[in-house]
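Remember, it's 1-based here, ligands and their atoms both numbered in the order they're listed.
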Amino acid sequence: MSIYDPILTIKGIGPKKAKYFNQMGIFSIKDLLYYFPRAYEDRSKIKNISSMAEGEKAYIRAVIKKIENKKVKHGLRMSKVLIYDGQESIYAVFFNKNHMVKTFSKGQEVLVYGKLSKKGVYTQIDGYEMYRASEAGGNQKIGAVVPVYPLSGKISNTDIYASVKRAFEMVSSELEKDHIPASILKEEGLCPLNTALENIHFPRDKKSLRQSMYRMVFEEFFIMQCRLRLNERNNLAKKSCVVKKEEKIYELIDSLPFKLTKAQVKAIDEIMGEMALGMPMNRLLQGDVGCGKTIIAAICMANCAFGGYQSLMMVPTEVVAQQHYNSISATLEKFGVKTALLTGNTKKDTREDIYSRMKSGDIDILVGTHALIQEGLECENVALVITDEQHRFGVSQRNMLSKKGNSPHALYMSATPIPRSLAITMYADMDMTVVDELPSGRKKVITSIITGEKRKQLYDSLMEKVKSGVQAYIVCPLVEESDSLSLNSAVETYEKLKRLWKGSVKVGLLHGRLSSEEKEDTIRDFKSAKIDVLVCTTVVEVGVDAPNASIIIIENAERFGLSQLHQLRGRVGRGSIQSYCVLVCESCSGESIKRLNVIKQSCNGFEIAQKDLEIRGPGEFAGHRQHGMLNFRIADISRHPDILEKAKKQVDKLIEEGIRLESDGNSLLKNIIVKNGNTDIC
Ligand code: ADP
Ligand code: MG
């Protein structure tokens, strides 16, 4: 008997029920035992009808006087059972439970669990369950706090309850062996597996329930971390190329138009230091928007080129690919580094040419979009793959990039900081480099919030500013006008401003539906100040770098997430001029004002990310593609950050001690890590 046996082995579950359980994601006994209640109901009270208050739920001990089954509309079946508790009679009304009700007959003594409710002048019991009084002694559901399970399909709460009961009887001896190492249980004061599981389903009292929940939250974090990080250790067994720091790199750094910040230098050292070791690097580079991650990437790629290796850099949009290509090639060209650009819009001939030059080693750095992970690209000599704005990519896309070359070193760059709790769950398998400093001379962007009614004044004063040489972005939530949503579209705003300003201000338009040439031309014109005001969609969110722009107006700001707003605001304040961000709020609820105030008050991406996590929850924050990683049953990184830290520390320790899952003592832990499903996330 094993907890990994299929649920079909549980008495009372036949093939049909098993199928319904499967549809709920329950396949093994373990799945069932880990299918936790969503709530608990106190059914310890047996009451007289007369002593029940309206809306109160309780058990009533009574005798059946009459049973009526009726069909009501839409296939709904209603059973009315008249019960008498020795003092008073009342109807207990059940819906779609006629099968259950049919097993009872007049004169039987029963226990009815239900809620006293008033329907017009009638008072009735909304019946939930009914048992024979003779069975009550053996039925744990009476006189106890009972679990309420999340339900779907044809499985009832009683089905789950009864199956869990039986499952416990079957595997109780197995559950005595805990998969969390004894030393950790002791250090963290965790209750043992069997106690925890039993109390989660059938809580003895509130305290046991609390302790059991705690243990399970810890376990979920712990197993998740083990899975990611012990997997990482397997990676270490692989070899990657040894890329040493080349002397020429200092020359390159000296040639830059600015001095690197201390944080940038430290990041470069960390990355290059690890690449010199010969084991594949797997590193997340985090830093606030505008801290200068691109140049860090460029320097590391140049170092590869100097050592005779190639690099790939993948970015989410064509606009950014083009821009990175321009700036990286301009910086590195004079050092003999050859850079090329590959996007979905690259013409076939050029693409073929790039493929063959990558193969022959003629190109040192290839910057591109998703086009990089296409099959055609072969590049044996790639030592470093970089994913910029990595949250825009799915796990599998990032992994595909790492499959290019021969176990290359991988660097992932985040757009804005990731809250620590998210970082240590979703990115537990990565090492972390944090750039915690902005280039000097940057002024804090002054942020204000206005309502739509003040828009006219806003645009009037914008025109005055622009006439004095300032450049601005106006970000809209939509490309074109939509019938269903009353949001400002980029095209509409662009047309409106062109009419309003009649050529005295040069307005440009940028959105994702333009052709690559149009996008490229527009951005170039904006950078060279041929365009004064760029009306755009969130295509500019990622990475667009026009350091002279100093005003950003964000329309329908209430529509955006906090991290996204911070990222958008990061388009300005990149030079030494004082910059401004205006958040225009169209349908402003108190809630949205509260959110926007976070942006107004803080310019610190780490702080904002944390708030964003608290407000929107981890799933929203992580983006749908990475959802799977945060699918905990009861653990919640925003509610249990302390337990998360504790679990992390214990996993750190296991790794330091050089734990081997293969050794006998750890076979239970290994089983739960490997067999716990969800293995596709790694
Ligand atoms: P992000 O980290 O958001 O990707 P970028 O790499 O786009 O930021 O850099 C933002 C701007 O700062 C760019 O214009 C870049 O040239 C400039 N920059 C980068 N490092 C420095 C530095 N050490 N001193 C001054 N400016 C810098
Ligand atoms: Mg960037």
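In terms of polar-atom proximity, G292 is counted as a contact of ligand 1, with an N or O under 3.5 Å from an N or O of the ligand. Backbone and side-chain nitrogen or oxygen atoms of V289 are examined, and none is located within less than 3.5 angstrom of a nitrogen or oxygen of ligand 1.
Numbered from 1 in the order shown, with element, the atoms of ligand 1 that lie under 4.0 Å from a heavy atom of L260 read 23 (N). Every atom of ligand 1 with a heavy atom of T261 under 4.0 Å away is listed here by number and element: 23 (N). In the vicinity of T294, heavy-atom distances shorter than 4.0 Å reach the ligand 1 atoms 4 (O), 5 (P), 6 (O), 7 (O). Within ligand 1, counting atoms from 1 as listed, the ones closer than 4.0 Å to a heavy atom of K259 are 22 (C), 23 (N), 24 (N).
At least one heavy atom of C291 sits closer than 4.0 Å to an atom of ligand 1. Ligand 1 has at least one atom lying under 4.0 Å from a heavy atom of G290. The shortest heavy-atom distance from H324 to ligand 1 is not under 4.0 Å.
In this structure, the side chains of Q322 and R524 stay at 4.5 Å or more apart for every pair of heavy atoms. Using a 4.5 Å heavy-atom threshold, the side chains of R357 and D353 count as touching. Side-chain contact between C581 and Y473: absent, with no pair of heavy atoms (C-beta onward) separated by less than 4.5 Å.
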Donor-acceptor list for residues 337-346 side chains, cut-off 3.5 Å, not counting sequence neighbours:
residue: K338; atom: NZ; partner: D362; partner atom: OD1; Å: 3.0
residue: T343; atom: OG1; partner: N345; partner atom: N; Å: 3.1
residue: N345; atom: ND2; partner: E318; partner atom: OE1; Å: 2.6
residue: N345; atom: ND2; partner: E318; partner atom: OE2; Å: 3.2
residue: N345; atom: ND2; partner: S516; partner atom: OG; Å: 2.6
residue: T346; atom: OG1; partner: T343; partner atom: N; Å: 2.7
residue: T346; atom: OG1; partner: T343; partner atom: O; Å: 3.0

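In E464, the CD atom is crowded: over 12 heavy atoms of neighbouring residues, nucleotides or ligands sit closer than 6.0 Å. No more than 12 heavy atoms of other residues, nucleotides or ligands sit less than 6.0 Å from atom NZ of K594.
Across the listed options R442, K293, Q286, R442 owns the non-hydrogen atom lying nearest to atom 11 (C) of ligand 1.
The side chain to side chain donor-acceptor pair (under 3.5 Å) check on S440 picks up nothing, with sequence neighbours excluded.
In this structure, E274 and H409 approach most closely via the heavy-atom pair O-CE1, 4.4 Å.
Counting heavy atoms closer than 4.0 Å to ligand 1, residue R574 contributes side-chain atoms (C-beta onward) but none from N, CA, C or O. Counting heavy atoms closer than 4.0 Å to ligand 1, residue K262 contributes nothing at all. The proximity of D545 to ligand 1, defined as any non-hydrogen pair under 4.0 Å, is limited to the side chain.
The pair K266-E270 meets the salt-bridge criterion, since a charged nitrogen lies less than 4.0 angstrom from a carboxylate oxygen.
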